[in-house]
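Each remark here refers to the structure printed beneath this line.
No hydrogens, no waters, no symmetry mates; every other heavy atom, side chains included, goes into these values.
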Amino acid sequence: MPKKEKLDPETEALIQWCTEVEKFLVKGGATLEQAQQHIEEEVEWFTDQFYDGLTPEEAANEALN
C-alpha cells in the first residue's frame with residue numbers, strides 16, 4: 001500500500017480556507033455540490049484570494065457577486 005503523502009502546512013491552510021469558503025457559498029444559496037464545483041473550476045482565482053489575504057467570507061462574497 002502506498003504511503004499517504006503529507007501535505008505542507010501552506011497547502012493544508014489553503015485547503016482549510018477553501019472548506020470555509022465553501023460554507024459561506026452554501027450560506028449564500030449554493031448547494032454543497034455547486035460550491036465545491038465552483039471552487040474546483042476557479043481554483044486559481046480562489047488561490048489568489050487566499051494569498052491576497054481575503055477571509056473565506058470575503059472571498060465567497062466576491063464569488064457570489
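Around CD of Glu41, the count of heavy atoms belonging to other residues, nucleotides or ligands within 6.0 Å exceeds 12.
In terms of hydrophobic clustering, with Ile, Leu, Val, Met, Phe, Trp and Tyr side chains grouped at heavy-atom distances under 4.5 Å, Val21 and Tyr51 are assigned to a common cluster. One hydrophobic cluster, built from ILVMFWY side chains closer than 4.5 Å, holds both Ile39 and Phe50.
The closest side-chain heavy-atom distance from Leu14 to Thr47 is below 4.5 Å. Under the 4.5 Å side-chain criterion, counting only non-hydrogen atoms from C-beta, His38 is not in contact with Gln34.
Put simply, the side chain of Trp17 gets close to the backbone of Leu54: a donor and an acceptor are under 3.5 Å apart. The backbone N or O of Ile15 lies less than 3.5 Å from a partner atom in the side chain of Thr19, making a donor-acceptor pair.
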Legend entry - Audit row: Glu12, Lys6, side-chain contact (heavy atoms from CB on, under 4.5 Å) steps and yes/no: CA-CA 9 Å; Glu12 286 180 1; Lys6 181 148 173 72; 3.9 Å; yes
Inset, instruction - Assess whether side chain to side chain donor-acceptor pair (under 3.5 Å) is satisfied between Gln37 and Glu33, documenting all intermediate values. - result: CA-CA 6 Å; Gln37 183 176 0; Glu33 184 178 310; over 6 Å; no
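Among all heavy-atom pairs drawn from Ala35 and Ala30, the shortest one is N-CB, 4.3 Å. In terms of heavy atoms, Leu32 sits closest to Glu22 at CD1-OE2, 3.4 Å.
A distance of 12.5 Å separates NZ in Lys23 from SG in Cys18, rounded to the nearest 0.5 Å.
For the residue pair Gln36 and Glu40, no side-chain donor N or O sits within less than 3.5 Å of a side-chain acceptor on the partner.
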For residues 56-65, run the donor-acceptor check on the side chains, cut-off 3.5 Å, and write out each pair with its distance to 0.1 Å, sequence neighbours left out.
residue : atom : partner : partner atom : Å
Glu58   : OE1  : Thr55   : N            : 2.8
Glu58   : OE1  : Thr55   : OG1          : 3.4
Asn61   : ND2  : Glu57   : O            : 3.3
Asn65   : ND2  : Asn61   : O            : 2.9

